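Note sheet for the following structure.
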Amino acid sequence: MNSFSLNHIALSVIDVNESILFYQKVFKCKEIQNTASNSKTRWLSFSDNRQLHLIPRPNFEIKINK
């Protein structure tokens with residue numbers, strides 16, 4: 001049987017600073033160092049060591065598919 005594991009999820013966000021504050025407050029995430037590049041992408045770690053990478057896209061049009 002194959003197994004599946006999740007290391008990280010990357011999300012595009014309009015305001016990285018606001019998003020960081022949200023995930024820290026609601027999910028108690030800790031900010032960790034972006035070790036992949038010199039980009040403005042910021043990384044957070046959940047308590048189970050899974051990560052959330054927040055990619056700044058200030059001019060991004062958000063589409064909601066329902």
Side-chain angles (χ1 to χ4, degrees):
M1 178 181 226
N2 294 332
S3 65
F4 174 81
S5 65
L6 179 68
N7 174 269
H8 74 276
I9 293 176
L11 294 177
S12 295
V13 297
I14 291 174
D15 187 328
V16 174
N17 293 327
E18 186 177 324
S19 298
I20 289 282
L21 292 174
F22 171 80
Y23 285 102
Q24 287 176 328
K25 181 178 180 180
V26 175
F27 295 104
K28 308 297 183 217
C29 294
K30 293 182 182 175
E31 188 164 6
I32 59 175
Q33 182 180 357
N34 175 344
T35 58
S37 70
N38 291 329
S39 73
K40 293 183 180 181
T41 298
R42 292 172 65 186
W43 293 8
L44 294 168
S45 177
F46 290 95
S47 60
D48 62 359
N49 292 322
R50 290 192 174 106
Q51 298 176 6
L52 175 63
H53 300 180
L54 299 174
I55 305 165
R57 302 243 196 261
N59 300 317
F60 193 70
E61 179 184 343
I62 297 186
K63 296 179 184 178
I64 300 173
N65 297 321
K66 291 188 176 185

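Along the sequence shown, residues carry numbers from 1. Predicted model, so just to flag it, every value in this text is computed and none were measured. The figures that follow rest on heavy atoms only: side chains count, while hydrogens, waters and symmetry mates do not.
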**Prompt:** Got a sec, which pairs hit side chain to side chain donor-acceptor pair (under 3.5 Å) with one end in residues 2-11, sequence neighbours left out?
**Reply:**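 Sorted result for residues 2-11: empty, none.
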
**Request:** Supply the members, apart from Leu21, of the Ile/Leu/Val/Met/Phe/Trp/Tyr cluster built from side-chain contacts under 4.5 Å; use none for a lone residue.
**Result:**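 Its cluster partners, ordered by chain and number, are none at all.
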
Would you mind listing every salt bridge (charged side-chain N to carboxylate O under 4.0 Å, His left out) that reaches into [range], with sequence neighbours excluded?
range          : value
residues 29-45 : Glu31-Arg42
residues 43-52 : Asp48-Arg50
residues 6-28  : none

**4.5 Å side-chain heavy-atom contact, Tyr23 and Val13** =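 No, too far: nothing below the 4.5 Å cut-off.
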
**Prompt:** Is there a side-chain contact between Ile55 and Leu11 (heavy atoms, below 4.5 Å)?
**Reply:**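 They are not in contact (no side-chain heavy atoms under 4.5 Å apart), so the answer is no.
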
Residues two or more places apart in sequence or in another chain: which of them pass side-chain contact (heavy atoms from CB on, under 4.5 Å) with [X]?
X     : result
Ile32 : Trp43, Ser45, Gln51
Ser39 : Asn34, Ser37, Thr41
Phe22 : Val26, Phe27

**Item:** Leu44 CG to Ile9 CD1 distance, which is reported to the nearest 0.5 Å
**Value:**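 Nearest 0.5 Å value for the CG-CD1 distance: 12.0 Å.
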
**Message:** For Phe60 versus Ile14, what's the shortest heavy-atom pair and its separation?
**Reply:**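 What the structure gives for the nearest pair is O-CD1, 3.9 Å.
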
**Prompt:** Partners of Gln24 by side chain to side chain donor-acceptor pair (under 3.5 Å), sequence neighbours excluded?
**Reply:**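 Partners of Gln24 under the side chain to side chain donor-acceptor pair (under 3.5 Å) test: none.
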
**Request:** Mind checking salt bridge (charged side-chain N to carboxylate O under 4.0 Å, His left out) for Arg57 and listing every partner two or more places apart, or none if nothing turns up?
**Result:**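 Here no residue qualifies.
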
